[in-house]
Amino acid sequence: MRVVEQVEGTVTVVTLTGDLEFATAEEARDRLSELVRAAIEEGRCDLLLDLAGVGFMDSMGLRVLIHVLRQIQEAGGRMALSAVQPRAARALDITGLNAALDVYSTTEEGLTALRRSA
C-alpha cells in the first residue's frame with residue numbers, strides 16, 4: 001500500500017495506491033493516523049482520500065476508513081473520498097459507509113467542495 005500526502009491549503013489530500021485489505025490495513029491505518037495527527041497539529045482538519053489507485057477494499061480496509069474518519073471528526077474536521085473504483089465503491093455501498101462520507105467522482109471535485117465549505 002502506497003500512501004502519498006499532498007497539502008492543498010487547509011485540506012490534506014492523501015492518495016492511496018494498492019489494495020486496502022487484510023494484508024495492508026494495519027500499515028495503512030498507522031500511516032494515515034500519523035499523517036492525520038500531523039495535519040491536525042498544523043491546523044488542517046479536512047481530509048480528502050483519493051482512492052483512484054485502490055482496486056479492492058475488504059472489511060479491514062473499511063475499518064481503516066472508519067478509524068481515520070473518527071480521528072478527523074474528533075478534531076472537528078471533515079473527510080471525503082474521491083475517485084472510488086467500482087469494487088471499493090461496492091464495499092462502501094454494502095456497509096452504508098458511503099452515507100457517512102461525501103464521495104466525489106474526481107479529486108478536483110472533492111478538493112473544490114472541501115475548500116468551498118471551509
Side-chain angles (χ1 to χ4, degrees):
M1 170 65 48
R2 185 167 175 243
V3 179
V4 177
E5 174 191 33
Q6 179 179 343
V7 176
E8 294 287 342
T10 61
V11 180
T12 302
V13 179
V14 177
T15 303
L16 301 178
T17 306
D19 291 340
L20 188 53
E21 41 88 35
F22 180 79
T24 62
E26 185 176 351
E27 178 185 343
R29 183 198 66 223
D30 293 348
R31 180 72 176 120
L32 283 168
S33 289
E34 177 185 307
L35 289 174
V36 167
R37 200 171 11 261
I40 290 168
E41 287 175 4
E42 294 172 10
R44 293 185 322 274
C45 296
D46 293 335
L47 175 69
L48 179 62
L49 286 179
D50 177 348
L51 301 182
V54 177
F56 175 75
M57 183 174 11
D58 68 6
S59 62
M60 291 301 288
L62 292 168
R63 288 181 66 147
V64 170
L65 296 184
I66 292 167
H67 174 81
V68 174
L69 175 61
R70 286 184 181 148
Q71 194 177 2
I72 290 289
Q73 288 176 333
E74 287 173 6
R78 298 162 298 154
M79 180 173 132
L81 306 177
S82 67
V84 181
Q85 299 304 300
R87 289 180 69 194
R90 183 161 159 45
L92 293 170
D93 290 341
I94 289 170
T95 61
L97 187 56
N98 59 342
L101 296 164
D102 291 324
V103 181
Y104 298 94
S105 298
T106 68
T107 299
E108 294 75 26
E109 285 179 18
L111 195 51
T112 299
L114 286 174
R115 284 180 177 155
R116 192 173 333 168
S117 60

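In this text the structure is predicted, and so the values were computed from the model without any measurement.
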For Val54, the side-chain contact (heavy atoms from CB on, under 4.5 Å) test, sequence neighbours excluded, returns Leu16, Leu20, Leu51
Suppose we screen for side-chain contact (heavy atoms from CB on, under 4.5 Å). Which residues come up paired with Arg31, at least two apart in sequence or across chains? Val3, Glu34, Leu35
Measure the shortest side-chain to side-chain distance between Leu49 and Leu101 over non-hydrogen atoms and say whether it is less than 4.5 angstrom. no
Taken in chain and number order and not counting sequence neighbours, the residues that satisfy side-chain contact (heavy atoms from CB on, under 4.5 Å) with Gln73 are Leu69
For a quick test of reading the model, state the closest non-hydrogen atom pair linking Ala75 to Cys45 and the distance between them. O-SG, 3.7 Å
So Glu109 and Ser82, do their side chains get closer than 4.5 Å, heavy atoms only? no
Using the side-chain hydrogen bond (donor to acceptor under 3.5 Å, both in side chains) rule, collect all pairs that involve residues 90-100, keeping only residues at least two apart or in two chains. Asp93-Asn98
Members sharing Tyr104's hydrophobic cluster (side chains within less than 4.5 Å): none
Quick one: does any side-chain atom of Thr24 pair with a main-chain N or O of Asp19 as donor and acceptor, under 3.5 Å? yes
If hydrophobic clusters are built by linking Ile, Leu, Val, Met, Phe, Trp and Tyr wherever their side-chain heavy atoms come under 4.5 Å apart, do Val68 and Val103 end up in the same one? yes
Group every Ile, Leu, Val, Met, Phe, Trp and Tyr by side-chain heavy-atom contacts under 4.5 Å, then state whether Leu114 and Met79 land in the same group. no
Heavy atoms only: give me the nearest Arg87-Gly55 pair and the separation to one decimal. CB-O, 3.2 Å
Nearest heavy atoms of Ala28 and Val64, plus distance in Å: C-CG1, 4.5 Å
Could you identify which residues cluster with Phe22, counting Ile, Leu, Val, Met, Phe, Trp and Tyr as linked when any side-chain heavy atoms lie under 4.5 Å apart, either directly or through a chain of such contacts? Met60
Closest heavy-atom pair and its distance - Ser33, His67: OG-NE2, 2.8 Å
Flag side-chain contact, heavy atom, 4.5 Å: Asp102 against Arg78: no
Other residues, nucleotides and ligands only: do more than 12 of their heavy atoms fall within 6.0 Å of CD on Glu27? no
Take Met57 and Leu65, measure what side-chain contact (heavy atoms from CB on, under 4.5 Å) needs, and give me the verdict at the end. CA-CA 10 Å; Met57 183 174 11; Leu65 296 184; 3.6 Å; yes
Which residues share a side-chain contact (heavy atoms from CB on, under 4.5 Å) with Leu111, sequence neighbours left out: Glu8, Val11, Val13, Leu48, Arg115
The salt bridge (Lys or Arg N to Asp or Glu O under 4.0 Å) partners of Glu5 (sequence neighbours excluded) come to Arg44
Among Val14, Leu32, Ile40, Leu81, which residue meets the side chain to side chain contact (heavy atoms under 4.5 Å, CB included) test with Leu47? Val14
Sequence neighbours excluded, every pair satisfying side-chain hydrogen bond (donor to acceptor under 3.5 Å, both in side chains) that has a member inside residues 50-65: Asp50-Thr107
